[in-house]
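Some notes on the structure that comes next.
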2 protein chains.
Amino acid sequence: MTDETETVREGELADYLGYALKRVTSLVQGDLVQVLAPFQLRITSFSALTVIVGRPGLTQTELAETLSIERSNLVQIIDGLAGNGWIERTAVAGDRRYYALVPTAEGVALLESARAAVRDHEARVFCALTVREKAELGRLLAKIRAR
Amino acid sequence: MTDETETVREGELADYLGYALKRVTSLVQGDLVQVLAPFQLRITSFSALTVIVGRPGLTQTELAETLSIERSNLVQIIDGLAGNGWIERTAVAGDRRYYALVPTAEGVALLESARAAVRDHEARVFCALTVREKAELGRLLAKIRAR
DNA sequence: TATTGTTATACTCTATAACTATA
DNA sequence: TATAGTTATAGAGTATAACAATA
């Protein structure tokens, strides 16, 4: 079996859940990068656009916290999304320090297309799992994060 | 609940298994980096040393394939392990193009200590899961990789 | 003083092409 | 010509410090 062969080759590494997580994540992300490229999106800009469309008007600091990335690293991502006309930074009355991030109609439309492609991608890379198993995987991952 | 709050904040992102995998992996790896630092090991050098100890005599190309990293990127990792006296590149009779990678006694001893720390680390970061759940997670991840 | 967004910088990881020495 | 190891380089992700504008 391929499984046993891999276990022999990787030896003890195969026993670490962290290693298994890393390998699967890199498999999935490698595929996702290809899927998003035609949309001119990277993984992080897709994630950012998804959150902005879902929570229009949030600030960069809020978005950075949600995605767990540094504010400073978010700047170029936001620049890219705004440069492509997919989001806008609108002034907030009362406090001129921050901007509200809102998607444009083009941004919403682009995300709709990209989202469909990402759904296909997920169906493909996780096709070895049943619906029940996918739900279980999601539950286990959420449980680890919530600890 | 924290779970529901997070779901609201991340919106649709929370529905992607790939995103959940990425977040958990980065959580786990962030912790592991700290755990390995006192041993002068990075994640990849720990992985490499683990495989070399488990399969003494393998070549760099074999190791690169096992870890799924480019041969070129493995060079500095091997240099580091050899520079610290944890492995040796020994000549192979019959074909002078490649070297057999073998651990030194120091390398084996270091790995033994690091391994214990990594076991503790895994117990800690996955403490939210039962033994059965950890086994199930491992099984699901292996299934995805084997597809 | 504290906060938001920003710039600059550096370090890691990863991917590719090209080189050398050996076969 | 093909392969093993190597070098150089560039891209992307990530982390930190410091700054200007605003509160």
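Since we're looking at a predicted model, the values are computed, not measured. Lettering follows sequence order; numbering is per chain, from 1.
Comment: B:R119 engages A:E12 in a salt bridge, judged by a side-chain N to carboxylate O separation of less than 4.0 angstrom. The pair A:E133-B:K143 meets the salt-bridge criterion, since a charged nitrogen lies less than 4.0 angstrom from a carboxylate oxygen.
Residue A:I77 contributes atom CD1, which lies 14 Å from atom P of C:dG5 at whole-angstrom precision. Atom P of nucleotide D:dT16 and atom CG of A:L74 are separated by 17 Å, given to the nearest angstrom. Distance CG (A:L58) to C1' (C:dG5): 14 Å, rounded to an integer number of Å.
Not counting sequence neighbours, the partners of A:T59 by the side-chain contact (heavy atoms from CB on, under 4.5 Å) test are A:T61, A:E62, A:Y98.
At least one donor-acceptor pair closer than 3.5 Å links the side chain of B:T25 to the backbone N or O of B:L21.
Summary of the strand contacts: A:D95 and B:G94 both lie near DNA chain C, and taking for each the nucleotide with the nearest heavy atom, the more 5' one is attributed to A:D95. Residues B:Y98 and A:R96 both approach DNA chain D. Their nearest nucleotides, taken by heavy-atom distance, put B:Y98 toward the 5′ side.
One donor-acceptor pair, N or O on each side, does fall under 3.5 Å between the base of D:dT3 and the side chain of B:R97.
Exactly one of A:K134, A:R139, A:R132 qualifies for a salt bridge (Lys or Arg N to Asp or Glu O under 4.0 Å) with A:E136. That residue is A:R139.
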Report summary line: Per-nt protein contacts along nucleotides 6-15 of chain C (heavy atom under 4.0 Å; B base, S backbone sugar-phosphate only, - none) come out as BBB---SSBB

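Between D:dG5, C:dG5, D:dT22, one nucleotide has an atom nearer to the side chain of B:T61 than all others, and that is D:dG5.
Defined by atom type and a distance below 3.5 Å, a donor-acceptor pair is missing between the side-chain atoms of B:R115 and B:T50.
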